[in-house]
Amino acid sequence: MNPNKALWEKGDFTKLAESMRDSGTALVSKLGITNGMKVLDLGCGDGTTAIPSARLGADVTGVDIASNLVAAGQQRAAAENLSNCTFQEGDATDLKDLQDETFDLSVSIFGAMFAPKPMEVASELVRVTKPGGRIVMGNWIPGDPTLVAQILKISSAYTPPPPEGFISPMLWGVDSHVIERFGNAGVAKEDITLEKETFNFELNCTPAAFVERFRKFYGPTMNAFEAAEKNGKAEELQQELETLFVSQNKSGSDSATLIPATFLKVTVLRR
């Protein structure tokens, strides 16, 4: 099996996505989506940004490599009677089921950044976007002091080194790499806008309970705990993560979680 597919089908990312609903909706509200616009959501999960895009009247195609998340997205769309929002399986490095110049807006919020071949991802995003259209990515930033970068940093200390040739998904959060990747796909530097924004994780549970969701349902964290358990360090990892979540909780309550995380928002104009 494709290892990237196996990673994202592991656990149940919908349990994490519940904490991302409000910020996903807020992010979409700023994208200038209008009725009838054709929108691609690549690495869509269960629809954190696809569903609110469809609510605004866009004709949305959500693509994800994980079959369980595609099914979850289909259920969410059906529950809201959003016939203008469809979900399908696909690989961000090879969108063979999508035709050239199809979408007015191609979006990938913390999705396509995790695909293993970034040059192919950039090329495919450019290929399927119409001239005059836009590509918008949200990517986590390496070394950033906020939540997601710190989760990955902590977890990496407990896992074996990645295989030779592995390209860190976090490089999508580095300006020069973004410019190089889209440049390779024919996009001029002046058509790329890079800005930092904030995404909130919000859930009505304690920070420790939120950590438990990562431990049970988020593929990368599940792998970190499996490796830590083999070395007798699972409790150490648990404590590090709980300390992180508690220290970054801005909810003002011990029984609720609100954690902001900084990301790089990439906007590409397709000529």
Side-chain angles (χ1 to χ4, degrees), residues 6-28 43-52 64 66 68-73 75-76 79-80 109-111 113-114 138-141 143-159 169-170 197-263:
L7 177 66
W8 296 107
E9 289 184 352
K10 188 170 187 168
D12 181 2
F13 186 75
T14 66
K15 303 297 186 185
L16 279 299
E18 288 173 14
S19 70
M20 304 169 74
R21 300 286 186 233
D22 288 349
S23 265
T25 299
L27 192 159
V28 164
C44 61
D46 68 347
T48 298
T49 46
I51 296 285
D64 202 279
N68 56 327
L69 298 181
V70 168
Q75 288 181 337
R76 290 189 66 213
E80 293 195 33
I109 307 302
F110 321 130
M113 67 172 287
F114 290 100
N139 301 325
W140 300 121
I141 301 167
D144 190 83
T146 57
L147 185 71
V148 179
Q150 291 304 307
I151 292 173
L152 296 172
K153 180 182 177 182
I154 289 168
S155 298
S156 68
Y158 292 86
T159 53
M170 300 297 280
E197 292 197 7
T198 299
F199 195 95
N200 291 319
F201 292 86
E202 190 168 7
L203 208 60
N204 190 26
C205 70
T206 65
F210 196 26
V211 170
E212 198 60 21
R213 290 199 182 205
F214 275 84
R215 180 172 185 164
K216 288 182 177 178
F217 301 115
Y218 183 60
T221 309
M222 294 169 73
N223 286 345
F225 270 102
E226 287 170 12
E229 281 165 6
K230 290 176 184 175
N231 298 319
K233 293 186 174 181
E235 288 311 306
E236 190 179 322
L237 173 55
Q238 177 89 21
Q239 191 56 53
E240 276 203 69
L241 289 174
E242 286 189 16
T243 299
L244 171 69
F245 280 55
V246 169
S247 69
Q248 298 211 0
N249 183 23
K250 308 298 182 188
S251 70
S253 167
D254 293 338
S255 59
T257 302
L258 171 62
I259 302 179
T262 304
F263 70 96

Between [X] and [Y], is any pair of side-chain heavy atoms under 4.5 Å apart?
| X | Y | result |
| --- | --- | --- |
| T262 | E197 | no |
| F225 | L241 | yes |
| P220 | L7 | yes |
| I109 | T48 | no |
| T146 | I141 | no |

State the [atom1]-[atom2] distance between [X] and [Y], to the nearest 0.5 angstrom.
| X | Y | atom1 | atom2 | result |
| --- | --- | --- | --- | --- |
| K216 | L16 | NZ | CG | 13.0 Å |
| M20 | T25 | CE | OG1 | 11.5 Å |
| T221 | L152 | OG1 | CG | 7.5 Å |
| D46 | R76 | CG | CZ | 5.0 Å |
| M170 | S156 | CE | OG | 10.0 Å |

I need the minimum non-hydrogen distance between [X] and [Y], along with the two atoms involved.
| X | Y | result |
| --- | --- | --- |
| W8 | A66 | O-CB, 3.7 Å |
| G47 | P52 | O-CD, 3.6 Å |
| A72 | T14 | CB-CG2, 3.8 Å |
| S253 | S251 | O-OG, 2.9 Å |
| N249 | L258 | OD1-N, 2.9 Å |
| Q248 | P260 | O-CD, 3.9 Å |

Could you check whether F217 and F13 have their ring centres less than 6.0 Å apart?
no
ring-ring contact (aromatic ring centres under 6.0 Å, His included) involving F214 - partner list, sequence neighbours excluded:
F210, Y218, F245
Distance only, no hydrogens: is a donor on one side chain within 3.5 Å (strictly under) of an acceptor on the other, for E242 and Q238?
yes
Salt bridge (Lys or Arg N to Asp or Glu O under 4.0 Å) with E80: which residues, sequence neighbours excluded?
R55
K15 atom NZ: more than 12 heavy-atom contacts under 6.0 Å
no
Do D64 side-chain atoms and L69 backbone N/O form a donor-acceptor pair below 3.5 Å?
no
Donor-acceptor list for residues 199-208 side chains, cut-off 3.5 Å, not counting sequence neighbours:
residue: T206; atom: OG1; partner: A209; partner atom: N; Å: 3.0

Of V211, I259, I151, which meets side-chain contact (heavy atoms from CB on, under 4.5 Å) against L244?
I151
Quick one: do R215 and E229 make a salt bridge, cutoff under 4.0 Å?
yes
Presence of salt bridge, K153 and D144, under 4.0 angstrom:
no
Is there a salt bridge (Lys or Arg N to Asp or Glu O under 4.0 Å) between E240 and K233 once you walk through the steps?
CA-CA 11 Å; E240 276 203 69; K233 293 186 174 181; over 6 Å; no
